[in-house]
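This report refers to the structure that appears directly beneath it.
The structure presented is a predicted model; accordingly, all values stated were derived computationally and were not measured.
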Amino acid sequence: MTTDDTKLPAWRRPTEGAHRWPAALTVAVAIGLQLLLPDRLVIHPHWVLPALSALLLVTLVGLGPRRAAGDHRHARKVALSLLLVVSAGNAGSAVLLVGHILNGSIGDQAGPLLAAGASIYLTNIVVFSLWYWEFDRGGPAARAAGSREFPDLLFPQMADPKLAPPDWEPGYLDYLYLAFTNATAFSPTDVMPLKPWAKLTMLAQSAVSLVLVVLVVARAVNILH
């Protein structure tokens, strides 16, 4: 590392990279949430998507169980395959839930409806947090290499270096927080999307979250009354 590199904040220079285990843990939680959904809200057979997600997760952890820097050449392909599988499963569940609500076939109990809606909503947060984590400035390995000069997502610590120590760089929990706040506020909060992909991804997440919240809550309120 050159003298000039040491003067740059961590997110602008090569580092060891972020740990994979927080992302792996949240994927495991998402798989568990998929398994808890009722049969009519999942793509059949019920076990296929969770099982494939678990297999890809184990493979990914085996390729790079600690740091994301210096990824195995197939690790990113595995990570994106995992993300696509989990995303497809949750998207299918969301479509099925909305369809049942619109045709009135979801049942007459508010509790199970709210539980199913919450499971899909939380999985949606996990899925989008992983999209942000995998694509911001080229992904975990590219961020560790410090090869991108300009950010795709502008965190407050990037805008003002006084808000963080020189070794700060965004980790998975920062992207999970971004996904959570975007899903609850339906708009950016403290993290600003700068690139078109980031804006469109945040727009898509807000739209999905809004539809889920409005339809599930409205239906639950209707059942209770």
Side-chain angles (χ1 to χ4, degrees), residues 20-65 71-72 74-135 139-140 172 175-176 179-180 182-183 200-201 204-220 222-223:
R20 283 192 180 279
W21 67 263
L25 180 60
T26 54
V27 171
V29 171
I31 294 172
L33 291 172
Q34 286 181 338
L35 290 171
L36 293 176
L37 286 172
D39 284 342
R40 60 178 173 172
L41 293 182
V42 297
I43 299 174
H44 289 278
H46 194 152
W47 56 268
V48 170
L49 282 172
L52 186 55
S53 299
L55 177 61
L56 288 169
L57 175 60
V58 170
T59 304
L60 180 60
V61 172
L63 289 173
D71 272 343
H72 187 283
H74 295 306
R76 183 163 173 78
K77 293 180 181 179
V78 174
L80 293 178
S81 297
L82 167 63
L83 184 51
L84 285 172
V85 169
V86 178
S87 299
N90 198 59
S93 295
V95 170
L96 289 171
L97 176 62
V98 170
H100 282 300
I101 291 175
L102 293 179
N103 63 27
S105 61
I106 196 63
D108 57 358
Q109 294 183 328
L113 171 61
L114 290 173
S119 178
I120 295 172
Y121 180 83
L122 292 174
T123 305
N124 185 58
I125 291 175
V126 172
V127 164
F128 276 94
S129 72
L130 292 167
W131 283 116
Y132 300 136
W133 189 63
E134 285 291 348
F135 281 93
Y172 174 71
Y175 297 101
L176 181 61
F180 178 82
N182 191 54
L200 292 175
T201 304
Q205 185 192 9
S206 296
V208 172
S209 299
L210 181 61
V211 169
L212 284 174
V213 169
V214 170
L215 289 181
V216 170
V217 171
R219 176 60 177 165
N222 183 59
I223 292 173

**Complete:** Rounded to the nearest 0.5 Å, the CG atom of Asn90 sits from the CG atom of Leu37 at a distance of 8.0 Å

**Request:** Kindly compute the distance separating CH2 (Trp133) from CG (Leu176), expressed to the nearest 0.5 Å.
**Result:** 12.0 Å

**Complete:** For Val126 and Val27, the nearest pair of non-hydrogen atoms, with its separation, is CG1-N, 4.4 Å

**Prompt:** Between Gln205 and Tyr132, does a side chain to side chain contact (heavy atoms under 4.5 Å, CB included) hold up when you go through it step by step?
**Reply:** CA-CA 11 Å; Gln205 185 192 9; Tyr132 300 136; 2.7 Å; yes

**side chain to side chain contact (heavy atoms under 4.5 Å, CB included) assessment of Tyr172 paired with Leu130** = CA-CA 8 Å; Tyr172 174 71; Leu130 292 167; 3.7 Å; yes

**Item:** Where at least one partner belongs to residues 85-102, residue pairs that pass salt bridge (Lys or Arg N to Asp or Glu O under 4.0 Å), sequence neighbours excluded
**Value:** none

**Request:** Look at the aromatic rings of His44 and His46 and report parallel, tilted or perpendicular, splitting at 30° and 60°.
**Result:** perpendicular

**Message:** Looking at every heavy atom in both Ala110 and Ala220, which two are closest together, and how far apart are they?
**Reply:** CB-O, 4.0 Å

**Request:** Quick one: pull up CG in Leu215 and NE2 in His100 and give me the separation to the nearest 0.5 Å.
**Result:** 13.5 Å

**Prompt:** What's the shortest heavy-atom distance between Ser87 and Trp131, and which atoms?
**Reply:** OG-NE1, 3.2 Å

**Request:** Please say which of Ser93, Ser129, Ser209 ends up in a side chain to side chain donor-acceptor pair (under 3.5 Å) with Asn124.
**Result:** Ser209

**Prompt:** Considering residues at least two apart in sequence or located in another chain, which fulfil the side-chain hydrogen bond (donor to acceptor under 3.5 Å, both in side chains) criterion with Ser119?
**Reply:** none

**Asked** Shortest non-hydrogen contact from Ser53 to Leu82?
**Response** O-CD1, 3.3 Å

**Message:** Out of the candidates Ile43, Val86, Ile31, Leu35, only one should pair with Leu49 under the side chain to side chain contact (heavy atoms under 4.5 Å, CB included) rule; please name it.
**Reply:** Ile43

